[in-house]
Amino acid sequence: MKRILVTGGAGFVGSHLCERLLNEGNEVICLDNYFTGEKRNIAHLLNNPYFELVRHDVTMPYFAEVDEIYNLACPASPIHYQFNAIKTIKTSVMGAINMLGLAKRTKAKILQASTSEVYGDPKVHPQKEDYWGHVNPIGIRSCYDEGKRCAETLFNDYHRQNGVDIKIIRIFNTYGPRMHPNDGRVVSNFIIQALNGEDITVYGDGSQTRSFQYVDDLVEAMVRMMATENFTGPVNTGNPNEFTILELAQKVIKLTGSSSKIIYKPLPSDDPTQRQPDISLAKEKLGGWEPKIQLEEGLTKTIEYFKNLK
Ligand code: NAD
Ligand code: UDP
């Protein structure tokens, strides 16, 4: 039995990961400050004697004896990470330093939940891991993008300097049950608007694209990445099927049977126009991993979750 620390474990992705790791017979410490995470995401795990919940902020050091660390603590949606930009960058950078220090002392393997945002508004399409990105260092998304880029630098420096066993995955837009209902991300926004019969708010003309990965496919990639030998990444994980935001709005309307109308709102600044992962490295290094759940199936499961959300 391994003892595994999941920072940000009460969040959307973290809660699915904790569940998976417990199901595989591990002991899980879920660490969270509940900024965007919620106890209801992990309430069903609390009776498991191998699950431990810790209220803690990763900007402060944390001490425990662990075998593996998944570092997910960081607000992920633009509304939440821009709410307190300085705190966001502190969470990424100081959180990485604290968790890498823990990994160094305990000789634990450590996986960083990085992001496709390290590519910024990419000039290369689709994005491969060797693309260095096109990122605005002083814009409203920079606290997140540059924080995550700096965390990747720290991970690699701890690896080179201290031999820490690091793993970096770059996550592209991921959705599914337990997304925060108010986090403003496009999938949750559209589903909630459609279920409430409200207007669907497409920003810009809706021609910008995203590739949407269902959360179970991401968790599978994370677990496989942690199990790799002599591979640090970074590796992209995402679903390469690309959709315009307008297509997404139309799909959500169709699947919910909603009478909602599409309305157009201004495009936020620095909003990337195109994003699509190249996942050939993930396929090669993660034992043939590829996404299994396509958009309509994943949206249907997510719609079901939001319908039942009290
Ligand atoms: P989320 O907001 O649901 O989860 C983040 C969790 O971290 C929350 O539970 C939050 O309370 C916790 N947290 C935030 N700051 C903290 C701090 N200082 N100390 C301790 N806990 C803190 O978001 P998510 O979608 O589950 O994202 C999880 C990770 O995956 C994040 O690191 C995010 O950057 C990364 N990621 C997610 C996506 C996506 O599409 N969901 C895409 C790219 C990267
Ligand atoms: N978006 C939108 N309507 C919304 C929320 C988001 O049109 O109600 C757009 C947003 O401008 C972006 C895309 O959907 O082009 C994805 O936004 P999200 O915040 O989910 O993720 P990110 O921009 O980080 O990829």
Side-chain angles (χ1 to χ4, degrees), residues 6-18 30-39 41-42 54-60 62 70-82 84 87-88 90-92 94-96 98-99 111-118 121 141 144-145 147-148 151 169-176 178-180 183-193 198-215 218-219 222 236-238 243-246 248-249 252 262-275 277:
V6 179
T7 77
F12 157 51
V13 175
S15 62
H16 289 274
L17 179 64
C18 288
C30 167
L31 181 154
D32 211 293
N33 72 348
Y34 303 111
F35 175 50
T36 52
E38 293 183 293
K39 283 193 182 155
N41 290 342
I42 34 93
V54 178
R55 181 186 287 266
H56 184 82
D57 193 308
V58 285
T59 58
M60 303 291 173
Y62 175 71
Y70 288 85
N71 188 37
L72 276 63
C74 185
S77 80
I79 288 184
H80 285 139
Y81 70 63
Q82 287 162 13
N84 184 342
K87 178 67 196 237
T88 298
K90 277 187 181 172
T91 295
S92 266
M94 293 164 70
N98 289 327
M99 291 307 120
L111 180 144
Q112 168 69 355
S114 190
T115 169
S116 54
E117 298 285 325
V118 300
D121 191 0
R141 292 175 86 107
Y144 183 72
D145 302 5
K148 289 282 189 179
I169 57 165
R170 292 183 178 155
I171 306 169
F172 284 65
N173 296 62
T174 302
Y175 70 100
R178 306 192 199 130
M179 291 182 87
H180 197 294
D183 76 1
R185 278 188 272 190
V186 68
V187 173
S188 42
N189 261 15
F190 286 2
I191 292 178
I192 291 167
Q193 289 164 343
E198 293 161 5
D199 292 338
I200 307 260
T201 53
V202 167
Y203 302 158
D205 62 4
S207 63
Q208 71 273 34
T209 67
R210 293 293 186 275
S211 316
F212 299 101
Q213 164 173 248
Y214 189 68
V215 64
L218 167 60
V219 168
M222 293 174 107
N236 289 337
T237 158
F243 296 89
T244 67
I245 295 304
L246 193 56
L248 177 73
V252 169
I262 292 173
I263 59 162
Y264 295 88
K265 295 215 161 174
L267 191 68
S269 69
D270 289 344
D271 198 281
T273 46
Q274 245 189 333
R275 194 184 288 141

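Along the sequence shown, residues are numbered consecutively beginning with 1. As the structure lists them, so they are numbered: ligands from 1, and atoms in each ligand from 1. These numbers were taken from a predicted model, which means no experiment stands behind them.
Of all atoms in ligand 1, listed by their number and element, those nearer than 4.0 Å to a heavy atom of R185 are 23 (O), 25 (O), 39 (C), 40 (O), 41 (N). Annotation for ligand 1: atoms under 4.0 Å from non-hydrogen atoms of G37 are 8 (C), 9 (O), 10 (C), 11 (O). Of all atoms in ligand 1, numbered sequentially from 1 with element shown, those under 4.0 Å from a heavy atom of K148 are 31 (C), 32 (O), 33 (C), 34 (O). If you number the atoms of ligand 1 from 1 as listed, the ones under 4.0 Å from a heavy atom of Y34 come out as 11 (O). Close approach of ligand 2 to D271 is summarised as follows: ligand atoms under 4.0 Å from at least one heavy atom of the residue are 10 (C), 11 (O), 12 (C), 15 (O). Taking every heavy atom of R141 and a limit of under 4.0 angstrom, the matching atoms of ligand 2 come to 22 (P), 23 (O), 24 (O). Atom numbering of ligand 1 starts at 1 in the shown order; those under 4.0 Å from a heavy atom of A10 are 9 (O).
The closest non-hydrogen atom to atom 22 (C) of ligand 1, taken over N33, T115, L17, comes from N33. Nearest-residue assignment for atom 30 (O) of ligand 1 (options I171, N173, L218, I169; heavy-atom criterion): I171.
In V187, neither the side chain nor the backbone holds a heavy atom less than 4.0 Å from any atom of ligand 2.
The shortest N/O to N/O separation between V186 and ligand 2 falls below 3.5 Å. Residue contacts with ligand 1: G11 is placed with a nitrogen or oxygen under 3.5 Å of a nitrogen or oxygen of the ligand (distance criterion only). Checked by distance only, ligand 1 and L72 come closer than 3.5 Å through their nitrogen or oxygen atoms.
Within the structure, the closest approach of S77 to ligand 2 does not fall below 4.0 Å when heavy atoms are considered. For Q193, the heavy-atom gap to ligand 2 stays at 4.0 angstrom or more.
Under 3.5 Å, the side chains of Q274 and T209 contain no donor-acceptor pair of N or O atoms.
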